[in-house]
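To start, the structure under review is shown below, and the notes come after it.
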There are 2 protein chains.
Amino acid sequence: MKPGPSAREINGGEPRLSRASAGRLSLYLRELKELFQDGVKKISSSQLGEAVGITDAQVRKDLAHLGNLGQPGIGYATDELITAIRRALGIDREWKVALVGVGNLARALLRYHGFQQQGFTIVALFDADPTKVGRAVEGLIVHDPADVATVVPATGAELAILTVPSESAQAVTDALGAAGIRGILNFAPAVLRMPPGVSLVSVDLAVQLEQLAFLVQVGQGN
Amino acid sequence: MKPGPSAREINGGEPRLSRASAGRLSLYLRELKELFQDGVKKISSSQLGEAVGITDAQVRKDLAHLGNLGQPGIGYATDELITAIRRALGIDREWKVALVGVGNLARALLRYHGFQQQGFTIVALFDADPTKVGRAVEGLIVHDPADVATVVPATGAELAILTVPSESAQAVTDALGAAGIRGILNFAPAVLRMPPGVSLVSVDLAVQLEQLAFLVQVGQGN
DNA sequence: GGATGTGAACGACTTCACAGCG
DNA sequence: CGCTGTGAAGTCGTTCACATCC
C-alpha cells in the first residue's frame with residue numbers, strides 16, 4: 001500500500017540536516033577528535049575531506065549546516081567543529097541505553113568503550129533466557145524482558161539496542177515503545193514496524209555481507 | 001513497441017543494479033524464502049512491498065532489473081524470484097570468508113547461522129593475540145595475521161570480515177588485499193584505503209548509534 | 001479486472017564553479 | 001593569495017501515472 005505521508009517537519013524554517021549528512025558528520029567528528037588530540041587547531045575542508053575520503057565541496061556543504069564556522073582563507077577551528085557537530089548530532093549530552101538480548105554481540109557492544117566515550121551509557125540488560133536473568137554481565141544485572149515496562153522508566157533509558165532473535169524482535173519493539181523508549185538500534189534480521197514516535201536504525205549483518213558479495217561480483221573495486 | 005527492451009548489455013559500461021537496489025533485494029529475498037516455505041507460490045509487488053515497508057512501484061522497479069519475471073494481472077512466482085535474486089546478488093554459490101580479529105563480535109558472527117544458510121562459509125580465523133593463536137574457536141584454528149599471505153590462498157577465502165582494533169585495520173586490509181581477498185566487511189571504526197580491486201562494506205557501530213541519537217533528537221519517528 | 005513495466009515528473013543529494021572575504 | 005559559502009548545474013534514485021498484457 002501507499003506509505004502515507006511520513007512524518008514531515010513542521011518546525012522552524014532553517015535548512016534541516018539530511019540523514020546522509022549526519023552520517024558523514026560522525027566520521028568528521030571521529031577524525032577531528034584525533035586531530036585535536038594531536039594538537040591540530042585549524043583544518044581546511046580539503047584536508048578533512050582527504051581524511052575521510054570525501055570531496056572538499058561535500059565537506060563544506062555539510063559544515064555549512066552548522067552555521068558559519070569557517071574562516072575564508074584560513075579554514076575551520078577543530079575545537080569549534082567538534083562542539084558544533086556534537087550538538088548537531090544530539091550527542092552533546094548523555095544517552096542512556098537499554099540492551100535487549102545478552103548474547104555474544106551484546107557482550108561485544110558492552111566492552112566497546114567507544115560508546116561510553118561518545119556519551120552512550122548502557123544502563124540496563126534484558127534477556128529471555130531464565131538462566132541469565134538475575135545474573136550480572138559486565139557489572140549489570142540481567143532483567144526479564146517482561147519487566148521492560150518498569151525497568152526502562154526506572155533507569156531512564158531512552159534508546160535500546162536489540163540483539164534478540166528475529167522471532168521476538170517485533171514483540172520486544174512494541175514493549176520498548178510502550179515503555180517510553182524513543183529510538184531502537186536493531187540487529188535482528190527482520191523488518192520492524194515501529195510504534196509511533198520511535199526512531200529506528202537497523203544493522204542487518206546478513207544484508208551487509210550480501211551487499212559485499214554483490215559488489216565483488218560486479219567488480220566494484222571501491 | 002519498444003526498441004530492444006529486454007536486451008541485456010553485457011558490456012563493461014554500466015552497472016545494471018544500483019547498490020541501494022541490491023540492498024532491498026536482500027530484504028525481498030529473506031521475505032520470499034519465508035513465504036515460499038509457507039507455501040506461497042505467487043506474490044504481487046504490493047504484497048511484497050507491504051512486507052518490507054517499501055512502495056509497490058519501488059518493488060517493481062527493483063524486480064524489473066532481474067528480467068521480465070512478472071506476469072501482468074498475476075504477479076511474480078516466488079521460486080523464480082528467489083533464484084533470480086540470488087543470481088543477481090552473486091549468492092548463488094559459496095563464498096569463503098576469512099575472519100580477522102577473534103573477539104566477542106567474531107564469536108557472535110561465527111555462531112550466527114544465517115551466514116552459513118546464505119552460502120557464506122567461514123574458513124579461516126586470524127588474531128594477533130599470541131595466546132589465541134593455535135587454539136581452536138568454533139572448530140577453526142586461529143592463525144597469526146602474519147600468515148595471511150599463505151593461509152588465505154590455501155583456504156580459498158575471497159572475502160574477509162574485519163573485527164580488529166582500528167589501529168591495525170589498515171595494515172590488515174593491505175595484507176588481505178595482497179593475499180588475494182576481493183572484498184572486506186569492516187567493523188573497525190576507521191576509514192580504510194582499499195587496495196585496487198578490493199570492495200568494501202563498512203559497518204560502523206558508533207556511527208549507527210550516533211545516527212539514532214540524531215534521529216531521536218530531530219523527532220524523526222520513522 | 002488486476003497487476004506489471006516504464007517513460008516522465010519529481011525530489012534528494014552531489015559536484016561545479018565562482019564571488020567574496022580574510 | 002587561499003579558502004569558505006553557495007547558487008547553479010548535474011546526477012542519481014524514487015514516485016507517479018498509465019499503456020499494456022494476462
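Values below: every heavy atom of this structure, side chains too, minus hydrogens, waters and symmetry copies. Chain letters run A, B, ... following the sequence lines, proteins first, then strands; residues in each count from 1.
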From CG of B:L25 across to C1' of D:dG13 the rounded distance in Å is 14 Å

Scan B:S21 against the nucleic acid and name what it touches under 4.0 Å (heavy atoms): base, sugar-phosphate only, or nothing.
-> nothing

With a 4.0 Å cutoff (strictly under), does any side-chain N or O of B:R24 reach OP1 or OP2 of D:dT14? yes

Side-chain donor-acceptor pair under 3.5 Å between A:Q117 and A:K33, yes or no?
no

When A:A20 and B:A64 are each assigned the nearest nucleotide of DNA chain C, the 5'-most assignment goes to B:A64

To the nearest angstrom, the CZ-C1' distance between A:R19 and C:dG11 comes to 18 Å

Residues pairing under side-chain hydrogen bond (donor to acceptor under 3.5 Å, both in side chains) where one sits in residues 184-196 of chain A, two or more places apart or in two chains, turn out to be A:N186-A:S202

Rounded to whole Å, the CD1-P distance (A:I54 to C:dC13) equals 14 Å

Do the non-hydrogen side-chain atoms of A:T173 and A:I184 ever get within less than 4.5 Å of each other? yes

Is any side-chain nitrogen or oxygen of A:S45 closer than 4.0 Å to OP1 or OP2 of D:dC3?
no

Residue pairs passing the salt bridge (charged side-chain N to carboxylate O under 4.0 Å, His left out) test with at least one member in residues 84-108 of chain A, sequence neighbours excluded, are A:R93-A:E158

* **B:Q208 versus B:D204, side-chain donor and acceptor atoms under 3.5 Å** => no

Atom CG of B:L63 and atom P of C:dT6 are separated, to the nearest Å, by 12 Å

Q) Looking only at side-chain N and O atoms, does B:Y76 come under 4.0 Å of OP1 or OP2 in D:dC22? A) no

No-hydrogen, no-angle side-chain donor-acceptor test under 3.5 Å, A:Q211 and B:S26
no

Checking all strands, does A:L66 fall into the base, sugar-phosphate, or nothing category for heavy-atom contacts under 4.0 angstrom?
nothing

- Under 3.5 Å, side chain of B:R24 to main-chain N/O of B:D62, donor-acceptor pair present? no

Query raised in the report: At under 4.0 Å between heavy atoms, what does A:D56 touch on the DNA or RNA strands: base, sugar-phosphate, or nothing?
Result: nothing

Identify the pairs formed between an N or O of the protein and an N or O of nucleotides 16-22 of chain C at a distance under 3.5 Å, and give each distance.
from, atom 1, to, atom 2, distance (Å)
C:dA17, N6, A:R60, NH2, 3.4

Rounded to whole Å, CG of B:L69 lies from C1' of C:dA3 at a distance of 15 Å

When rounded to whole Å, the CD1 to C1' distance for the pair B:I43 and C:dT4 reads 14 Å

Here the distance between atom C1' of C:dT14 and atom NE2 of A:H65, to the nearest Å, is 11 Å

| message | At 4.0 Å (heavy atoms only), tell me whether B:L48 reaches a base, stays on the sugar-phosphate, or touches nothing. | response | nothing

From CG of B:N68 across to C1' of D:dC21 the rounded distance in Å is 12 Å

